[in-house]
Asker: 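Shown below is the structure under consideration.
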Amino acid sequence: MSQITEIAPDVFKITTFISEVNIQFNQFLVKDEEPLLYHTGMKGLFPTVNEAVAKLIDPTTLRWIGFSHFEADECGALREWQRIALDATAICSFVSKIVSVDDVVAERPARALEDGEVLVTGKYRFKFLQTPHVPHAWDAGHLFEENSGTLLCSDLFHQNGEVEAITNSDIVSRFKEMLIEYQEGPFANYLPYTTKTEKILGRLADLKPKTIAPMHGSTYVGDGESAILDLAQAMKDVLA
Ligand SMILES: [Fe+2]
Ligand SMILES: [Fe+2]
C-alpha cells in the first residue's frame with residue numbers, strides 16, 4: 001500500500017517503503033489540466049502506484065511522465081503507464097531520450113526538453129535544468145515548478161528508512177549519514193563528485209526552492225537555497 005501526501009498545491013507524493021532495502025520510493029503526481037507524473041517507480045511498483053494515482057485522477061488522462069535519468073526507479077514502469085494512458089508522453093533530457101529511453105522503455109518517442117525550457121501543464125510551469133552527473137548519470141536533469149517553488153530533485157537529499165512524509169527540519173544530516181553508510185557497502189560511489197558538481201548545485205540553489213521533493217525520504221519545506229548549499233558541502237565532505 002502506498003501513502004499519499006499533498007506536499008505543495010496539487011502536488012501529491014506517493015510513497016512506498018521497501019523494507020528489504022530500507023528505502024522509500026516516491027513518485028509525484030501533479031493535478032493540472034495536463035496531469036504530470038514524476039518518476040514511474042520500478043515495474044514491480046506499477047500496481048500500487050497506479051492504485052494511488054487512481055485515487056487522485058483518472059490514470060488514463062495522464063499527459064506527461066517526467067524523470068531525472070534512465071534508471072528503474074525513475075522510469076522503469078514507463079511502458080506500463082503509456083499502455084494505460086494513451087496520450088502520456090515521457091519528458092526527459094535529449095541524452096536520456098536518444099541514448100536509452102526511446103529504445104528500451106518507451107512505448108512512444110519521448111519529448112526531449114532543452115536546458116531552461118519551460119513546460120506549461122495548465123496552472124503550473126515546469127522548468128527543465130540539465131544537470132549531467134547530478135545526482136548521477138550523464139543524462140540527468142531536474143524539473144522545477146516555478147509557481148509553487150517545488151524542486152523535484154530525484155536522488156539528491158536521499159534519506160534511508162521509514163521517515164515522515166514532509167518536514168521543516170534539516171534533512172541534510174540524514175542525507176550525509178546515507179552517503180557515509182553507502183560508501184562502506186555495495187552501494188559505494190552512488191553519487192559522483194566532479195569538477196562540475198558545485199556549479200550545478202549552485203544553479204539549483206539559485207532557484208530558491210520552497211519545497212524540495214526527493215525520490216527517497218522526506219520532502220523538505222523551508223529555505224531550499226540554504227538546504228542545497230548545505231547538501232553541496234555534505235557531498236564535498238564525504239565524496240571529494
Ligand atoms: Fe538514480
Ligand atoms: Fe532513485
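Owing to the predicted nature of the structure, the values given are computational and were not obtained by experimental measurement. Both ligands and their constituent atoms are indexed starting at 1 by order of listing. Every heavy atom of this structure was used, including side-chain atoms; hydrogens, water molecules and symmetry mates were not.
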Asker: Please determine if the Fe ion (ligand 2) has an N/O/S atom from His39 lying under 2.8 Å away.
Answerer: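 So His39 does not count as coordinating the Fe ion (ligand 2).
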Asker: Indicate the atoms forming the closest heavy-atom contact of Gln3 with Ala165, along with that distance.
Answerer: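 Closest approach of Gln3 to Ala165, heavy atoms only: NE2-CB, 3.8 Å.
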Asker: What residues, two or more places apart in sequence or in another chain, satisfy side-chain hydrogen bond (donor to acceptor under 3.5 Å, both in side chains) together with Asn147?
Answerer: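 Once residues adjacent in sequence are excluded, Asn147 has no partner under the side-chain hydrogen bond (donor to acceptor under 3.5 Å, both in side chains) criterion.
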Asker: Quick one: name the protein N/O/S atoms under 2.8 Å from the Fe ion (ligand 1), chain by chain.
Answerer: His69 NE2, Glu71 OE1, His136 NE2, Asp155 OD2
Asker: Report the residues that fulfil side-chain hydrogen bond (donor to acceptor under 3.5 Å, both in side chains) with Ser169, sequence neighbours left out, ordered by chain and then residue number.
Answerer: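 Once residues adjacent in sequence are excluded, Ser169 has no partner under the side-chain hydrogen bond (donor to acceptor under 3.5 Å, both in side chains) criterion.
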Asker: Have a look at Leu36 and tell me which of Leu62, Asp10, Val30, Leu29 forms a side chain to side chain contact (heavy atoms under 4.5 Å, CB included) with it.
Answerer: Val30
Asker: Examine His216 together with Phe157 and report whether their ring centres are nearer than 6.0 Å.
Answerer: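 Distance test on ring centres: not under 6.0 Å, no.
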Asker: Checking Glu177 now: which residues fulfil side-chain hydrogen bond (donor to acceptor under 3.5 Å, both in side chains) with it, not counting sequence neighbours?
Answerer: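 Listed in chain order: nothing, the list is empty.
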